[in-house]
Amino acid sequence: MRRILVTSALPYANGHIHIGHLVEYIQTDVWVRFQKLRGRCCRYFCADDTHGTAIMIRARQEGLGEEELIARMRQDHVADFTGFQIEFDNYGSTNSPETRRYCGEIWSSLRKAGLVDERAVTQLYDAQAGTFLADRFVKGTCPKCGATGQYGDNCDKCGAHYNPTDLIDPVSTLSGTTPEIRTADHLFVNIEKLHPFLEEWTQRGGHLQSEVANYLAGHFLGEPLHDWDVSRPAPYFGFEIPDSPGNYWYVWFDACIGYMGSTQQWCDRHGERFEDWWRSPDTEIHHFIGKDITYFHTLFWPALLHVSGFSLPEKVHIHGFLTVNGEKMSKSKGTFIRASTYLEHLDPAYLRYYYASKLASRVDDIDLNFDEFIAKVNADMVGNVVNLASRTAKFAATTGLATSYPDDGGLFAQAATDGQAIAESYEAGDYAKAIRLILAAGDRANQFVEQRAPWNLRKDPAKVDELRDVCTIGLNLFRQLAIYLAPVLPRLAQQTGELFNDPILSWDQSQKPLLGKPVGKFAHMMQRIDPKRVEAMVAASQEPADVEPLPESVPFDNDAALLAEPLTETISFDEFARVDLRVARVIAAEDVHGAQKLLRLTLSLGGRNHLNVFAGIKGAYEPEELVGRLVICAANLAPRKMKFGVSEGMVVAAGGAGEIFLLSPDSGAKPGQRVH
RNA sequence: GGGCCCGUAGCUCAGCGGUUAGAGCAGGGGACUCAUAAUCCCUUGGUCGUAGGUUCGAUCCCUACCGGGCCUACCA
């Protein structure tokens, strides 16, 4: 009996599930449901990834214990998955005795194999927070280019890489204090010793998509693999390493092992043997992951499994990222949509279908374009597939299905044959192709109904048999589609089962027509998407419930000024470029007698190029304090004749009545330079 | 700097060493009225990123370039 063990990457307990995560869980769930529908012995395991510094910090911020934090987040995660009809056989946690047990087992294998080295690592340490600082918790000045506010590993500005200990003026983002440099012993896995094995495993046997294999060959395997630092000194939320007190396994060490912990929990509940799933040649292991964690799942994880004598993955299925309307998800644009927010507004079937229609077995990113999302679901699912039942079920309610299958010109047989290609596409992860084939069958079925026009047949009592036959065909063709779509749309399959009082449990049901059954009362199986619901969902996402606390060094500003004077309409770059802003030096300033708000300024653009400008800044600035300073002026304004003379430009300032702040360039700017 | 992937109709994508390169959506015209303004028929639309090369023949293979995306473990 072929057994299949499937996993999705473990979501981190530091955040909520969003529509980007769902690409993976939907992709995996479809595959698992497909396997189960085909009669395979397939089990789907996942868990929360709960360890690490980020969890410690967050727990501290929220005034919770780590255990409490992860317990809460787990509840939310499970609720989100349930809402999207993602059906795990077990959903565990890395913070479980089962996971700890397998960490220990694998660890001792690594020790026995002589792959563990120990050496000192120097890191920044936050004495106030009492913790070593990961790169992203340190900010400072780039040692190469002097840019400020850079993280501990590399510089945004010049791209330099460095150690956090090289940062100039480092500051801990946890406490705002200056970290000290401390040294601690870390444990390393000498993965280079497994280089030949990894070369072989990644490049042969079809375990990886070809582009991934190429990527690894070109990127990591062409030279010695670096040791993997798998320990963190206390305090750390995780498992203490049994033979190295005071040190904890790094979160990425136990993350993948969480797959095993979850499996063990399921085994315990069902009286199964763990060995049958992780140490048996009869079991295929399939991991579904995002491309961001390729490294861990295609090099370290196989290495750990190999050393410990566990089965290696048959295949690691790697997908790309989600973009929304062609861009990265954005909180300010409302496209960073949480699973729970989606569920408040829309049917999960829409997203399951849309993702399925986009997914192929490639690492490409997929885009959720809302216009396309609405059009696709409405046209394909409601207009094509569900419509088939909608337009025939009513006529068949009195007659039921015929007792022998009528001549349909080979439509049912063709769709039954197509089932092979559809199944192969699902199996290969090319859901987009499966969907194309299914929709093509739906098109043929709609054409058939159109030609035989049951709405005309029912007008003639003599044609009641023909009417029943046409509906029998139409409904059976629909049912085939529902079976093929069952992995993607479990609820549609269930509703279809109820319509005919014959539950859909197996792929094989698509190969034989259903006959002689009564047809239940038809109820809409899927509502069209109202674009307003999508808008509402985006609007609801625009105010992020997940407010990221800003580092203490950056003050929080309220939006009073923006509200007082809202943004004006968008302009093109060309329109902006028409305004010629220049650096200018104030070389003379005087009060304008008789004017309430005006000062008269003489601006120099360098050389003998002077502008005479009347500026409405009287009261905010004394004339004498302006002389000599640099300002920004709009230099190509048409001269304007005023009561007191001609003004040849404007000085740029922020604020309004009562508060005026002139803009000035940073030191070094020269009069006459254009502001771009 | 290096690597991987991609560039086919307005949009999303199939395809592929060999007749005249396809589908869905969008656009245009018509039909129907059973169905959730669904469905059906007809139709507009592409120098298959550019330039070379291999070949009897290239959208497909090779090379370079251009454009886009992603990755880059103290960089190779």
Side-chain angles (χ1 to χ4, degrees), chain A residues 121-122 135 143 152-154 159-166 188 191-192 208-229 252 290-296 299-300 318-321 323 325-328 354 357-360 362-369 371-396 425 430 432-433 435-440 442-459 467 470-471 474 478 522-530:
Chain A
V121 170
T122 300
D135 295 348
D153 50 351
N154 65 348
H161 291 253
Y162 40 76
N163 285 322
T165 48
D166 295 334
F188 290 81
I191 194 177
E192 173 58 15
L208 303 173
Q209 288 128 296
S210 61
E211 66 248 58
V212 176
N214 290 342
Y215 158 72
L216 294 172
H219 217 88
F220 297 104
L221 294 167
E223 59 188 81
L225 295 158
H226 290 114
D227 290 354
W228 186 31
D229 182 353
W252 259 112
K291 63 184 179 184
D292 50 329
I293 55 176
T294 297
Y295 184 50
F296 297 104
L299 295 175
F300 289 128
I318 303 181
H319 62 80
F321 295 147
T323 57
N325 294 332
E327 299 177 337
K328 274 169 86 167
Y354 184 82
S357 77
K358 294 287 232 183
L359 278 167
R362 298 239 201 99
V363 188
D364 301 348
D365 291 350
I366 73 169
D367 185 47
L368 168 58
N369 177 284
D371 291 335
E372 191 194 356
F373 172 69
I374 294 166
K376 238 177 159 33
V377 171
N378 288 350
D380 298 349
M381 285 300 97
V382 182
N384 183 333
V385 175
V386 174
N387 185 44
L388 259 179
S390 182
R391 67 194 309 201
T392 48
K394 196 172 76 180
F395 302 137
S425 301
D430 193 351
K433 186 172 184 184
I435 297 289
R436 281 199 301 277
L437 291 166
I438 293 167
L439 290 179
D443 283 338
R444 293 193 300 268
N446 270 304
Q447 285 163 27
F448 171 83
V449 174
E450 195 78 17
Q451 276 163 18
R452 299 291 290 271
W455 50 94
N456 289 333
L457 297 175
R458 73 161 171 171
K459 291 174 189 162
L467 176 63
V470 168
C471 292
F478 162 74
F522 178 78
H524 285 345
M525 294 176 169
M526 198 184 291
Q527 300 299 321
R528 297 171 64 75
I529 301 181
D530 180 349

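In what follows, chains carry the letters A, B, and so on, assigned in the order in which the sequence lines appear, proteins first and then strands, with residues in each chain numbered from 1. Computed from heavy atoms alone, side chains included, the values below leave out hydrogens, waters and symmetry copies.
The CG atom of A/L437 sits 19 Å away from the P atom of B/G22 (whole-angstrom rounding). Rounded to a whole Å, the CG atom of A/L216 is 12 Å from the C1' atom of B/U72. Atom P of nucleotide B/C25 and atom CD1 of A/I529 are separated by 16 Å, given to the nearest angstrom. For the pair A/I435 CD1 and B/A14 C1', the computed distance is 15 Å after rounding to whole Å. Distance, A/D367 CG to B/G68 C1': 14 Å, rounded to whole Å. Remark: C1' of B/U12 and CG of A/L359 are 14 Å apart, rounded to the nearest angstrom. Here B/C25 presents its P atom at 12 Å from CE of A/M381, a figure rounded to the nearest Å. What separates NZ of A/K433 from P of B/A14 is a distance of 11 Å, to the nearest Å.
How far NZ of A/K291 is from CD of A/Q209: 11.5 Å, rounded to the nearest 0.5 Å. The CD atom of A/E211 sits 10.0 Å away from the OG1 atom of A/T294 when rounded to the nearest 0.5 Å. Between the CD1 atom in A/I366 and the OG atom in A/S357 there is a gap of 8.0 Å [rounded to 0.5 Å].
Taking atom P on both B/U43 and B/C25, the two are 15 Å apart, rounded to the nearest angstrom. The separation of B/G24 from B/U8, taken at their C1' atoms, amounts to 15 Å, rounded to a whole angstrom. Comparing the C1' positions of B/G49 and B/C6 gives a spacing of 11 Å, expressed to the nearest Å. Taking atom P in both B/C56 and B/A64, the straight-line distance is 24 Å, to the nearest Å. B/U50 and B/A14: their C1' atoms are spaced 24 Å apart (whole Å). When the P atom is compared between B/A23 and B/C4, the two are found 35 Å apart, to the nearest whole Å. The same atom, P, is picked in B/U19 and in B/G53; the two are 24 Å apart, to the nearest Å. B/U20 and B/G69: their C1' atoms are spaced 35 Å apart (whole Å).
The side chain of A/R362 lies closest to B/A14, out of B/G24, B/G69, B/A14. Here B/A73 is the nucleotide among B/C13, B/G69, B/A73 with the atom lying nearest to any side-chain atom of A/F220.
The aromatic rings of A/F300 and A/F296 are tilted relative to each other, their planes meeting at an angle between 30° and 60°. Using bins of under 30°, 30° to 60° and over 60° for the plane-to-plane angle, the ring pair A/F220/A/Y295 lands in the parallel bin.
Partner assigned to B/C4 is B/G69, using Watson-Crick or G-U wobble distances below 3.5 angstrom. Across the strands present, B/A76 finds no partner; the criterion is a Watson-Crick or G-U wobble pair with both atom distances under 3.5 angstrom. Pair check for B/A9 finds none; no Watson-Crick or G-U wobble contact set falls under 3.5 Å. In this structure, B/G27 and B/U43 make a Watson-Crick or G-U wobble pair, each of the two defining distances being under 3.5 angstrom. Across all strands shown, the partner of B/U63 is B/A51, judged by Watson-Crick or G-U wobble contacts whose two distances both fall under 3.5 Å. Nucleotide B/G18 is matched to B/C56 when pairs are restricted to Watson-Crick or G-U wobble geometry with both distances under 3.5 angstrom.
When side chains are defined from C-beta on, A/T392 does not count as touching A/F478, because their heavy atoms never get closer than 4.5 Å. The shortest distance between side-chain heavy atoms of A/M381 and A/L439 falls below 4.5 Å.
Among the atoms of the strands shown, only primed sugar atoms or phosphate atoms (P, OP1, OP2) are found under 4.0 Å from some heavy atom of A/K358. The residue A/D371 sits apart from the nucleic acid: no heavy atom pair falls under 4.0 Å. If you check every strand for non-hydrogen atoms under 4.0 Å, A/N369 touches nothing.
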Report the C-alpha distance between A/D367 and A/T323 in whole Å, list the side-chain angles of each, state the deciding distance to 0.1 Å, and finish with yes or no for side-chain hydrogen bond (donor to acceptor under 3.5 Å, both in side chains).
CA-CA 5 Å; A/D367 185 47; A/T323 57; 2.7 Å; yes
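Ranked by how close their nearest RNA chain B nucleotide is to the 5' end, A/D443 and A/L225 are led by A/D443.
Distance alone, capped at 3.5 Å, places no donor-acceptor pair between the A/Y354 side chain and the A/E372 backbone.
The phosphate of B/C41 (OP1 or OP2) has a side-chain N or O of A/Q447 nearer than 4.0 angstrom.
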Where protein sits on nucleotides 32-38 of chain B, one letter per nucleotide: B base, S sugar-phosphate only, - none, heavy atoms under 4.0 Å
SSBBB-S
